Amino acid sequence: MISSQSPILIPMTFLFAAMLIPLVGAVNRAAAHLAAVLGSALALYFSVIGMQTTLAQGRISYHIAGWMPPIGIEFVLDPLSAFVCTLLCGVTFIVMVFGKRSVEYEIPQKEIAFYSLSMLLLGGLAGMVMTGDLFNLYVYLEIAALAGYALVAIGDKRAVVSAFRYLVMGTVGATFYLLGVALIFISTGTLNMADIAQLMPLVHDSPAVIVGLVLIVLGTALKMALFPMHAWLPDAYTHASTTATALIAPIGTKVSAYVLFRVLFFVVDPDHLRTEMLNLLQIIGYLGAAGIIWGSIMAICQSELKRMLAYSSVAQVGYIAVGIALASPLGFIGAILHALNHAVMKCCLFLVSGNMRLRLGHSSIPLMTNGLRKSMPWTSAAFTLAAISMIGLPPTAGFFGKWYLALGAIEQSHWIFLTALLISTILNVAYFFRVMERMYLKPQDPGGVDYSEQTIARSEAPASMLIPTLFLAISLLVLGFANAWIVTNLIVPMIPGWL
Amino acid sequence: MKTLQYFLLLAFLGVLIVAVTNLPPRGDVTSPVHQHVNPAGTPVAGTYFIQHAYKDTKTPNMVTVILADYRAFDTLGEVIVVFAGGIACFFILNVGRRKP
Amino acid sequence: MSTSNKELCSKETAMMAPTESPIIHLASRGISPVILLIGLYVFFHGHYSPGGGFQGGVLLAAAILLLRLSLGTSLSQPIMPSWITLRLSALGALIFAGIGLVSILFGGNYLDYHYLPIPWLDPAYLRYYGILLVEVGVTITVMTTLVAIYDDLLGC
Amino acid sequence: MLEFIQGYYAYIFLATAFTIGLYGMMVKQNLMKKVLGMSIVAATTIMFWIVGAYKEGAGVTVLDPRYGVENPEMYLNPLPHTLMLTAIVVAVVTLGVALALLIGIYREYKTLDEPTLLERMK
């Protein structure tokens, strides 16, 4: 029964947890965290089962309330959505385990509302991933967005202002999306994605449909922080609390990118996409390439670790956009693999910054010294591993996503994209080695006293925070070694047939 | 900078007007939304709802039927949006006086 | 932020105090039950005329907010205490989602009222009462959340 | 020409209003005005769907015994109306959260004017 119901159970587990947490938390405050961890573990279990089912049986269409798709709402469990859901639930589970101490430290007295909101965020994102209906996607997008605004709003002093900017940009994106859906709905008369895909060849030359698609892509790109529309992202990520950032940064933008995949590769008519809409794909690709360079350059200039990571996120979203623009199997594999790797790497790096904030009280790069490697050896090691993976050195996972993207670019002779990929690798080296140099080599005071002789007190982060960080760091190596298996068994089945 | 913004807005308005004037005109009974069957052969939701709502649920108000039965999951999402808004306002403005 | 908040909140702001005018007091106390009644009518008559959970819930919230505005925050606590609003809101959403879960447990798809365990009703009326049950949850959530947001915006 | 105006005046009006709302969000300096622009944009989008549901000569979507269900032309399209009930609630809740954030900003910085705010944030 679970395997046939798993498409609905994944988002609903999160949402049930969100609704139960205020009721449970009224009785016992500590139970709220437990409920959040249990909810995300259960959702992870359901998504793994859903993944097994869809790999064995192919695409599963779930009819909510028992009505056939164009009449009722359809949930779609295919390899792509199952993969993204498993990624989302896995990252959530780890962050939720990590969250207990960090939330107590950074946002005291607000734990219950925080856990409830983070479950709402994840429920909304999982609903976005699963749904096969354009309007239902809007509703779940708004759940995720509202929870996201609130999570970003509590942090340091400036967090409220950045949350307001995020809200304005996010609302513009959502409204563009809704207007685009309206144009497509009035032209075709249906909201179901599979249905629209069938009707697309009949209406694809209508300007209304084209503008509708452009508006949907624009709204999604705003949510995904594609290059010229990324202005809200660095502020929002910097000022929010660590746990909130570690939830939103790896997953939020990925799910928006997933919506772009869904709409462009599964709703738009493929022939049409190959010929007339190619310009749209090209524009997305060039914006992505510009974002890669811009994000990397801005990351070099930052002095705050979280802000640097936020700008690096802008760059990484660019990689996914380039993969979409290539519109070839290699580009598709590269984009999905990079989305997976980046979610794990970025989550690990944000957790490291949370560990530093807990023990040092700051995460500012100029204040770091080689005392760090003495006092927090495991955290530094996790940071190093994740940074190597971000740069893209071979045994780690980060290399393989970039490798497939570069292969795809070479295959189609897109030299601009290839140049952007190569330049960004060098820039990545620049900004990550700057941190690592301080962490391992810089003496604690300008006099040049060698502290390696002296004893510095070990003040490693508590186990509940350290173990998730190390787990993510090690899983980067595992993902790197298992990448061939992942590509052949998980990613190749999800490539649409016409690609 | 301001000039650029005005220019962008005007361009956006132009694109939007081109798009909407290519839609079926307002009130046109033959537009795709009001058909019985799509060219692809699937039923069109709006007309299906009008014809089957009373038979399926014995409820004359079609909007209620769609809201709470055919597309109940949208409504569930909407209720959760309301709940999320409540929790979000509480989280942002919480001053700790809500003790029983 | 927290210290300035507490200062702002410790003294009653003008919005939270009762109004001075006896006319407004009397009128709001008279009108509020009528609005409650209209809200209930709109909610229960949603099957036959424009109305339903959201509209009914908003009207019920309006009745409570009228008392909040005229009597002040503290005097209007008995009709809907501040601390209960968000919990009731969660409960309303839970009623809606729980009905969906019940139909899964009895063998149907999510939210398929056909599978609700009320054996003596025929399917069309099962859906009729399923819609009614769901709307109860919607009403509770909308009513309490609107009151909760008003209380939050005032600061307490 | 007259037919064109009759068929499209609502759409063109809504497109203009949408752009005006966007103008408020992009150009205006006061945060409250940005929220007002947001409200205009949301309301316009809702109206856009409702206009798409209109049928010449049709009535409200409550079953009328005089017409029965055999003549769908006698009823407006109920689907966009239902969807927009959802969108209205979403817009209202977003407005509530935006106002909550504005109150938070005002408590912190005692201003809602963007240049002043940027100055005080330094």
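On a predicted model such as this, the values are computed, not experimentally measured, just so you know. Every heavy atom of this structure was used, including side-chain atoms; hydrogens, water molecules and symmetry mates were not.
- No side-chain donor from either of B:Asn61 and B:Thr59 sits under 3.5 Å from a side-chain acceptor of the other.
- Only the side chain of D:Val93 has a heavy atom closer than 4.5 Å to any heavy atom of chain B.
- The greatest number of non-hydrogen atom pairs below 4.5 Å with chain D, out of B:Pro24, B:Ser31, B:Gly77, B:Ala53, is found for B:Pro24.
- Here the side chains of B:Tyr6 and D:Tyr23 are in contact, with some heavy-atom distance below 4.5 Å.
- For chain B, no part of D:Ala87 is nearby; none of its heavy atoms comes within less than 4.5 Å.
- Ranked by non-hydrogen atom pairs under 4.5 Å with chain D, the options B:Leu8, B:Thr21, B:Ile17 are led by B:Thr21.
- The most heavy-atom pairs under 4.5 Å with chain D, out of B:Val65, B:Leu67, B:Ile66, come from B:Ile66.
- Across every non-hydrogen atom of B:Val33 and B:Val44, the tightest pair is O-CG1, 3.4 Å.
- Ranked by heavy-atom pairs under 4.5 Å with chain B, the list D:Val92, D:Val51, D:Thr61 is led by D:Thr61.
- Put simply, the side chain of B:Asp28 gets close to the backbone of B:Thr30: a donor and an acceptor are under 3.5 Å apart.
- When each of B:Val63, B:Thr75, B:Leu16 is scored by its heavy-atom pairs under 4.5 Å with chain D, the top score falls to B:Val63.
- Of the listed residues D:Phe18, D:Tyr75, D:Phe48, D:Tyr8, the one with more heavy-atom pairs under 4.5 angstrom with chain B than any other is D:Tyr8.
- Neither the backbone nor the side chain of D:Leu14 has a heavy atom closer than 4.5 Å to any heavy atom of chain B.
- Classification of the B:His52-B:Tyr48 ring pair by plane angle, with boundaries at 30° and 60°, yields parallel.
- For the residue pair B:Asp56 and B:Tyr70, a side-chain donor N or O sits within less than 3.5 Å of a side-chain acceptor on the partner.
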